[in-house]
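Take a look at the structure set out below.
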Number of protein chains: 2
Amino acid sequence: MRKRPQQQRSRELVKALIDATAKVIQQQGLDNTTTARIAEVAGVSVGSLYQYFGDKDGLIEALMESLADDIGAGLKRLPLLDNVDMNAMISSAIQFGFAVLNSRDGLYLELVRNWHRLPTDRVVDTLQQHFMDLARLYFLRHYRDYPIRNLEVRVFIVTNSVLFTMVRHISQNNGLIREDDLANELTRMVAGYMATPPDHQGTR
Amino acid sequence: MRKRPQQQRSRELVKALIDATAKVIQQQGLDNTTTARIAEVAGVSVGSLYQYFGDKDGLIEALMESLADDIGAGLKRLPLLDNVDMNAMISSAIQFGFAVLNSRDGLYLELVRNWHRLPTDRVVDTLQQHFMDLARLYFLRHYRDYPIRNLEVRVFIVTNSVLFTMVRHISQNNGLIREDDLANELTRMVAGYMATPPDHQGTR
DNA sequence: ACATAATGCGAATATGTATTCGCATTCAAT
DNA sequence: ATTGAATGCGAATACATATTCGCATTATGT
């Protein structure tokens, strides 16, 4: 952020700009998101935009930060560890994932589709970190006997698998596969995989 | 394609343009791929480009078609069904996937990253279709007893999971996860999931 | 009330890039 | 050899859009 907003009105302006950015991305897609349009939607001039954001990317980065915080908060509110069995826990997590992706009228969807061009690190870290902690706690509680190796790899695989499978499904939206079928199958795959005890062969 | 190349030199020109498109995308990334640069690399003028391709997208589409054919041919050459157990078969398929993604100096990687903006249908159909046939044949041969429902969903999940997990891993390229660890774990997850007999409850 | 800083404006500027078009060259048929 | 079609050229055009900058307005402290 180029300059700190000090007065009330400018703080509101900054917020309006970030909100407008989300709205424009959601409505017109990332490719058609222009500074002019953002300013227009925010009810503000382009010039003012550049008072507080060095460039367009800065604005988008601010949006991503804000969303990362939202997701983090949402995750903390989920009582995933209270589930008795892993299947239920993973099912809840996947439901949460679908809920997020379908929320905000496709904003998240458009962002994930363009993950490669966006500063997604904060968001990804938030997710990965949370699920990593969750997995650690769960295994500590239920699988005390097994030495848990490979947990990073497993969480990495599972997170990406679920995320992108969901995104692809929502994106192409052919009616051939129903969303709850997909959720069920994803749950089965992930639960089955995570419950697998690690290899005992130390050959690698 | 706007006009059919009739003479030898123009057929070579079209080929040179498609090759150049691949090269530029691979070297500069899709975002920095300009018609001017493509023409330059092809050793041809921009004007000539528009003789045979209605627009830039047409050129890229031609490239995608060509790659879809390559992948299809590569898949047909793989003797996946000769593998005795599913684990070996899936391991081979995943190895093939990594090989493709790492081939052509990252061209495929860049294309998958930008799948959302590209005409990927042909390629995706090729993959999905092939794995679908493969799965059908395998189950017919080994699990004759089970009624195989849900196969579409399973193949969809597995294809997307593996593809995007691999892409994300190669993209971020943090040394924390080794490629062969990832391949092994992916194999375990997929094999475990595909070997699961379908639900017997007919409640859905 | 005044001075100064903060904020806000938007037409003008700068830049990048897809596409066109009139002319030049090469090919293939007679 | 001649001619018309096919091919090739690349400077010029059209357009979209990020960013700037000089000026106008508003807030804050004294």
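Taking atom CD on B:Gln8 and atom P on C:dC27, their separation rounds to 11 Å, with Å as the unit. The NZ atom of A:Lys15 sits 18 Å away from the P atom of C:dT7 (whole-angstrom rounding). Between A:Lys3 atom NZ and D:dT19 atom C1' there is a gap of 16 Å when expressed in whole angstrom units. In this structure, A:Arg11 atom CZ and C:dA6 atom P are separated by 14 Å, rounded to whole Å. Per the geometry, CG belonging to B:Leu17 stands 13 Å off C1' belonging to D:dC9, to the nearest Å. Taking atom OH on B:Tyr50 and atom P on C:dG22, their separation rounds to 18 Å, with Å as the unit. In this entry the distance linking CZ of B:Arg9 with P of C:dT26 reads 8 Å, nearest Å.
The residue A:Leu13 sits close only to the backbone: its heavy atoms come under 4.0 Å of sugar-phosphate atoms, none of a base.
Note on A:Asp105 versus A:Lys23: no salt bridge recorded, every NZ/NE/NH1/NH2 to OD/OE distance being 4.0 Å or above.
Put simply, the side chain of A:His169 never gets that close to the backbone of A:Leu182: no donor and acceptor are under 3.5 Å apart. With hydrogens and angles ignored, the 3.5 Å screen pairs no side-chain donor or acceptor of A:Tyr52 with any backbone N or O of A:Pro5. For the pair A:Thr120 (side chain) and A:His116 (backbone), a donor-acceptor distance under 3.5 Å is absent.
Among the nucleotides D:dA11, D:dA18, D:dG8, the one closest to the side chain of B:Val46 is D:dA11. Of the listed nucleotides (C:dG8, D:dG8, C:dG10), D:dG8 has the atom at the smallest distance from the side chain of B:Ser48. Closest to the A:Gln7 side chain, of the nucleotides D:dT28, D:dC9, D:dA6, is D:dT28. Out of C:dG10, D:dT7, C:dA6, the shortest distance to the side chain of A:Ser45 is found at C:dG10.
At D:dT20, one or more side-chain N or O atoms of A:Arg2 fall inside 4.0 Å of OP1 or OP2 (strictly under the cut-off).
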Does the pair A:Glu12 and A:Lys15 meet the rule for a salt bridge (charged side-chain N to carboxylate O under 4.0 Å, His left out), with working shown? CA-CA 5 Å; A:Glu12 275 162 11; A:Lys15 190 176 179 317; over 6 Å; no
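Classified by interplanar angle (parallel below 30°, tilted 30° to 60°, perpendicular above 60°), the ring pair B:Phe164/B:Trp115 is perpendicular.
A cation-pi contact, defined as under 6.0 Å to the ring centre and within 45° of the axis, links B:Arg154 to B:Tyr193.
A side-chain contact (heavy atoms from CB on, under 4.5 Å) with B:Val167 holds for exactly one of B:Val162, B:Val112, B:Leu111; it is B:Val112.
Remark: B:Thr33, B:Thr34, B:Thr35 in residues 30-39 of chain B come within less than 4.0 Å of DNA chain C through at least one heavy atom. Annotation: proximity of residues 51-63 of chain B to DNA chain C (heavy atom, distance under 4.0 Å) is found for B:Asp55, B:Lys56, numbered in ascending order.
A:Ala39 approaches A:Leu17 most closely through the heavy-atom pair CA-CD2, 4.5 Å.
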